[in-house]
2 protein chains.
Amino acid sequence: MAVTIRDVARTAGVHVSTVSRTFSAPHLVNPETRVRVLAVAEELGYRPNRAARALTTGRTGNLGLIVADIANPFFPPLIKSAQAHARERDYHVFVADTDEDPRVEEELIRTFAKQVDGLLLCSPRLSGRAIDRLNVEIPFVVVNRQVKGLSTVLMDVAQGARSAVEHLLRLGHRRIALLAGPSSSWNSSAIEEAAASAALAGGAELAVLGPNPPTEQGGELAAAEVLRSGATGVLAYNDLIAIGLIEALDELGVAVPGQLSVVGFDDIMPARVISPKLTTVAMPTVAAGRAAVDALLRLVESPATGTTRTTLDTSLVVRASTAAAPSPAVARPR
Amino acid sequence: MAVTIRDVARTAGVHVSTVSRTFSAPHLVNPETRVRVLAVAEELGYRPNRAARALTTGRTGNLGLIVADIANPFFPPLIKSAQAHARERDYHVFVADTDEDPRVEEELIRTFAKQVDGLLLCSPRLSGRAIDRLNVEIPFVVVNRQVKGLSTVLMDVAQGARSAVEHLLRLGHRRIALLAGPSSSWNSSAIEEAAASAALAGGAELAVLGPNPPTEQGGELAAAEVLRSGATGVLAYNDLIAIGLIEALDELGVAVPGQLSVVGFDDIMPARVISPKLTTVAMPTVAAGRAAVDALLRLVESPATGTTRTTLDTSLVVRASTAAAPSPAVARPR
DNA sequence: TTGAAAGCGCTAACAC
DNA sequence: GTGTTAGCGCTTTCAA
């Protein structure tokens, strides 16, 4: 067994409570004693057992971060940003992946509940009711989803969707397809709504296709349907879908952006690398990671303060996957 | 405070130990009592506190997974595979990222030490000595690095490097540059050694360039040096470096594979998507995640059995970033 | 400023 | 088959 507070106390010739105080309330202990205790602790390689500490204090110094899919390049920057920011505040963050499965998500929340002080839920697939129910056990901050009564960090996807649609409109597209994400995704609904109203305002049609799995494969499988829809411009729920679509289109010999313009969401790395480079709505993932940790720590450290809501701006990055609509549409009488 | 074993005991009219047994040794309790206890537990929403349990049993049911960089697409598949496999064995896995910083790595190991039963160290940047020292506190399985005395899971990068070099040799390349990874990377040394001997055997020169950060930027920054080296073929430590290099080369107007052939390592998603599609050595990350969990659980559950070593095969995936060396080299007298 | 002692939620002998 | 009890490593009153 590792070295405990008892070992330190014994060899330093003090009581355990003194050792404890040396670490958790140094100002309450005589400087000389403190120095001696610290020296012994150092020598023995003593490290306070956070789990045991948590048992009495109810505080672990850990945060949990649950994401839908760690393999989606959208998440890692957010995770890293959260970890770095938490570390500055002397917290550690443990990450887990739900595989887009609400049941796994619930189980993870329960497992984390006793081992961390608070939880960051990124793109949760759980129902609002389930979230509320679980929230009594542990503080949450929800990212990428609006849940009333909870602290949330949102990225303004509605604004992003509007910009994307307007961009397509400006290029002369009059029939636009939206490749929706999972039906449990709050962002997907927000995108759909905003895209629909922007299309309407611009006198264009919006065909909503989906739900689609938020993966490359989701995009590949949707290619045929996109073609069938007669759209000249496509807005995809995320870059993974957009990339899968572009690859499938390439197989089918459909030129992007010549015959079909494609816009994604997220601005993940492969989006910059694919050919044609993807026009996409960049998400402020790094800022979101920071904001989420801030909000959570506020909740954890001063529960009295209420919940917070943060909405971060998104911005359209125009690259090479969008171009003027093919002539028939452009030439259409006004 | 959440519901504890005491609450369940009280409302079920039994002693806490009976409740405890209901969960940890059900066969020792009268079926009727068990049913009643379970019912009450369910109703009250009781969940055993794993941290408290760990205090007495020394077992948490959690595993830790530490990676150098969660944002490197190489890791997520390994992480997912480990999580899924651990879940089958009724363990949870918590992930943390070291940002390639050995100090952070050490701190994370210490933090994890008391909260998990064992640790998966993926591509650790710590010295072998430090790893040994920390290992007394908690069982390790090391992935992507050979550490004697410890259980390891290796991917056969030497074989991969050999295949890659031979592939370039067959295409007529006689001057090959190797973009090395971080000097603390065990794999990088292994690749270098294997590539050197394969090049030698094939009568080609190998110029080792680096160390380079294992990132896109690392590749971008190395482009000038690659050009200066006069190499016609490049083997990069990983796909990120290869991709960064290709992008920089594109900026500089150097044709890939026309003027320069590029091979990467890992086979991450963007490698399939970049143009030209990247020739690369595929790493068995999914198998590695499984194997690592198996090895760790063996260590955790029956410490008596010794350590294990697993080496998994890699395979060269030939795509479009490699082609015959430009004519001067090809035409060179034999 | 320090020691003594109770207790956090749970398990594991040991009795009954 | 179930209750009793003594901790696991630590913090936190309360006294001294």
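Heavy-atom basis, side chains included; hydrogens, waters and symmetry copies ignored.
When all heavy atoms of Ala68(B) and Ser123(B) are compared, the pair lying nearest together is CB-O, 4.0 Å. Minimum heavy-atom separation, Lys114(A) to Arg47(B): NZ-O, 3.3 Å.
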| Stepwise salt bridge (Lys or Arg N to Asp or Glu O under 4.0 Å) test for Glu107(B) and Arg103(B) | CA-CA 6 Å; Glu107(B) 193 191 333; Arg103(B) 286 199 319 234; over 6 Å; no
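Take Glu100(B) and apply the salt bridge (Lys or Arg N to Asp or Glu O under 4.0 Å) test, not counting sequence neighbours, and it matches Arg125(B). Here Thr98(B) pairs with nothing under the side chain to side chain donor-acceptor pair (under 3.5 Å) rule; sequence neighbours left out. In this structure Asp97(B) satisfies the salt bridge (Lys or Arg N to Asp or Glu O under 4.0 Å) test together with Lys80(A), sequence neighbours excluded.
Near DNA chain D, meaning a heavy atom under 4.0 Å from it, residues 44-53 of chain B has no residue at all. Interface residues of residues 6-31 of chain A facing DNA chain C, ordered by number: Val14(A), His15(A), Ser17(A), Thr18(A), Arg21(A), Leu28(A), Val29(A), Asn30(A); criterion, heavy-atom separation under 4.0 Å.
The bend of the helix from dT1(C)-dA16(D) to dC16(C)-dG1(D), defined by the angle between the axes of its first five and last five pairs, stands at 40° to the nearest 10°.
Remark: side-chain polar atoms of Thr57(A) are paired, donor with acceptor, to backbone N or O of Arg59(A) under 3.5 angstrom. The backbone N or O of Thr111(A) lies less than 3.5 Å from no partner atom in the side chain of Arg50(B), so there is not a single donor-acceptor pair.
Ion pairing between a basic and an acidic side chain is recognised when a charged N comes within 4.0 Å of a carboxylate O; Asp7(A) and Arg10(A) show such pairing.
Rounded to an integer number of Å, the gap from Leu55(B) CG to dC10(D) P is 9 Å. At whole-Å resolution of the value, CZ in Arg59(B) and P in dA12(C) are 10 Å apart.
Val104(B) is not listed as a side-chain neighbour of Asp99(B), based on a closest heavy-atom distance of 4.5 Å or more.
Toward the 5' end of DNA chain D, the nearer of the two residues Thr57(A) and Arg36(B), judged by each one's closest nucleotide, is Arg36(B).
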